Each structure stands twice: as structure tokens, then as C-alpha cells.
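Quick note on labels: first sequence line is chain A, next is B, and so on, each numbered from 1. All figures in this text were calculated on a predicted structure; none of them were measured in a lab.
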There are 2 protein chains.
Amino acid sequence: MGITKTIGFSEVVIEMADILKVLGHPARLSIMEYLANSPSCICNDLVEELPLAQPTISRHLSELKRVGLIQGQISGKNICYCINPKKWNKVLLHFKMITTSLSIKKQC
Amino acid sequence: MGITKTIGFSEVVIEMADILKVLGHPARLSIMEYLANSPSCICNDLVEELPLAQPTISRHLSELKRVGLIQGQISGKNICYCINPKKWNKVLLHFKMITTSLSIKKQC
DNA sequence: TTCCCATATTGCAATATTACAATATGTTTT
DNA sequence: AAAACATATTGTAATATTGCAATATGGGAA
């Protein structure tokens, strides 16, 4: 099929899985890391930074935007893309939650 | 194309993206959470727990195993699947690293 | 206005993913 | 050995994802 079944899963899991899936691509993960590190966050830098064509990068950016991981603001001719810290922390928190459960439990 | 370009990206990013992609599915994320919380970790529980058929769950388990997030040990008739804490911590660490870079940088 | 520049969108073609029925494999129980 | 159980594998059909060329859009510069 290729279609992901969502009925029977909690909303939280579905949303988190969607976010992780978006993060689960070399280009998109690189974009996140680039945005986290670079002082400026102009999109055009990415076209030179990544080994992908401009339309492809644009698509990846819009996926990141769709799940709320980044937000873009028009700044004259360019667009200033930044990480959305709230969303990012939500993901981090989810990971920490699983880690806590894991550390409590004894390994088999 | 459907094929993910990897040339031009670092090995670390490629591996991490692969792991996140695997985590980015409701069934697989649920499996990780179930394994983190349940004291036992027998696979057959999952068939009752998740809204998916047994072969589908088996496939998801093998994906999680492929990237090293879980490890399975045969225990008589059953298989005991557990989270691989080392791999999990590696992922968590990567997230924390990005978070650190993010917090240092000023938002635009 | 016309010409650039930065970014988005569209339209493919190729490949990947997902789900499940059917079947296979291997182990314990009877 | 046969039956029952747990899990894996295979085959297949439907859908999703990816990448890029071509094109569109929209702002600033000339």
C-alpha cells in the first residue's frame, strides 16, 4: 500500500512520528543543524551548502514548515528561516520521556 | 525519483537520518514506547497491542532492528525484543547537541 | 517598465514504503 | 510424530517520496 495506517494510534504518537519522519532525511536534518548553528538563516545559503537543486531544497523546507519545525519570515528579497524552539523542545521532551521510562525499567 | 541522495552528506547525518526515519512511523514509535515501558518485551504482545497485522509488525520490528534501535533474543518459542540503550542514547545526544547550538544562537 | 534575483510550484519519472494474505520456519506441547 | 503456537518471509498492489527541469511569482534594481 504505501499508506501509513493511523487509526488506532494516539494523536500524540501520530504527530510525533510525522515530525520524526520529516527529520529523517539527510537534507532536512542538515537544514535543521545548519539553522541551529548559523547566525543568519537565509535560505539561499542552503542552496550552496547542500548537494541538491534549489527546487528540491524548497520542497524540504516546506515539509519542515508543514510540521512546524521551522518558520519563515519574508525579509525583502530573501526569506529568513528559523527553527521553532517550541516545537523543537516538544520533540526533545518526548525523547527524554522515553529515555526516563527506559532507565527505570530493567533490561532483559 | 524516490531515492534519497546521500552523496555530499556526512556519515553521521546519514546514519542519524536513517534512524529518525525509522522512528518516524506511528507503529514503530509505539513499539519503542511500549518496549521502554513494559517490563517484559515479548513480540506477541505487540500483535494484540497494535492495530496492525502480525506480518506488518514483524516488518516494523526488523526495520528497528536494522538500524540498531532494538535487539532481539530468542527465548524458547518467543523472541524477547529490547531497546538498545546505547543506540538510543546516541540519538538523544544528537538531539541535545542541536538543542545546545540552538540555545546559544539568538533567534531572528 | 524591464531586468535580475530569490524562492515557490508544477509536472513528471523513478524508486521506496506500507499493508496484508499466504506461506514458511522453528519450537514447544501433546 | 502431529498439533499448536510464535515469528519471519514472500508476493503483490496501492500509495508516498524524492529529485530535478521547467516555469511561475514577487520583490528590488536599473
Original post:
Between T56(B) and dC20(C), does any side-chain N or O lie under 4.0 Å from OP1 or OP2?
Top reply: yes
Original post:
Ignoring hydrogens and geometry, is there a side-chain-to-backbone donor-acceptor pair from N84(A) to Q71(A) under 3.5 Å?
Top reply: no
Original post:
How long is the line joining CD of E63(A) and P of dT17(D), in whole Å?
Top reply: 7 Å
**OP:** Establish, with yes or no, whether the OP1 or OP2 oxygen of dT17(C) is under 4.0 angstrom from a side-chain nitrogen or oxygen of H60(B).
**Re:** no
Subject >> Residue whose nearest DNA chain D nucleotide is more 5′ - V47(B) or G24(A) >> reply: V47(B)
Subject >> Phosphate OP1/OP2 of dG19(D) contacted by H25(A) side-chain N/O (<4.0 Å) >> reply: yes
**OP:** May I ask you to test the L20(A)-V91(A) pair for a side-chain heavy-atom distance under 4.5 Å?
**Re:** yes
Original post:
So does Y81(A) get a side-chain nitrogen or oxygen closer than 4.0 Å to the phosphate oxygens (OP1/OP2) of dA8(C)?
Top reply: yes
**OP:** For the pair H25(A) and H60(A), name the ring-plane relationship: parallel under 30°, tilted 30 to 60°, perpendicular over 60°.
**Re:** tilted
**OP:** Verify the contact: side-chain N or O of N78(B) to OP1 or OP2 of dC5(D), cut-off strictly under 4.0 Å; return yes or no.
**Re:** no
Original post:
CZ of R66(A) versus C1' of dT9(C): gap in Å, rounded?
Top reply: 17 Å
**OP:** Map S62(A) and G2(A) onto DNA chain C by nearest heavy atom, then report which one ends up closer to the 5' terminus.
**Re:** S62(A)
Original post:
Is any side-chain N of the basic residue among K87(A) and E15(A) closer than 4.0 Å to the acidic one's carboxylate O?
Top reply: yes
Subject >> P55(B) or R28(B), whichever maps to the more 5' nucleotide of DNA chain C >> reply: R28(B)
Subject >> From dG19(D), dA8(D), dT7(C), nucleotide with atom closest to T4(B) side chain >> reply: dG19(D)
Original post:
Rounded to whole angstrom units, what separation is found between the CD1 atom of I74(A) and the C1' atom of dG28(D)?
Top reply: 14 Å
Original post:
Quick one: is K21(B) getting a side-chain N or O under 4.0 Å of the dA16(C) phosphate, OP1 or OP2?
Top reply: no
Original post:
Quick one: which of dA19(C), dC20(D), dA8(C) gets closest to the side chain of K5(B)?
Top reply: dC20(D)
Subject >> K77(A), nearest nucleotide to its side chain (from dA6(C), dT27(C), dA19(C)) >> reply: dA6(C)
**OP:** Look at all strands and tell whether L52(B) reaches a base, only sugar-phosphate, or nothing, counting heavy atoms closer than 4.0 Å.
**Re:** sugar-phosphate
Original post:
In whole Å, what is the span from the CD atom of Q73(A) to the C1' atom of dG26(D)?
Top reply: 17 Å
Subject >> Atom-to-atom span, CD1 of I3(B) to C1' of dC20(D) - whole angstrom >> reply: 14 Å
Original post:
Under 3.5 Å, is there a donor-acceptor pair between the side chain of S10(B) and the main chain of V13(B)?
Top reply: yes
Original post:
Could you give the CD-to-C1' distance, from Q54(A) to dT9(C), as a whole number of Å?
Top reply: 10 Å
Subject >> Rounded interatomic separation in angstrom, taking CG from D18(A) and P from dT17(C) >> reply: 16 Å
Subject >> Donor-acceptor contact below 3.5 Å, side chain T99(A) vs main chain F95(A) >> reply: yes
Subject >> Rounded distance (Å) that lies between atom C1' of dA6(C) and atom CD of E48(A) >> reply: 11 Å
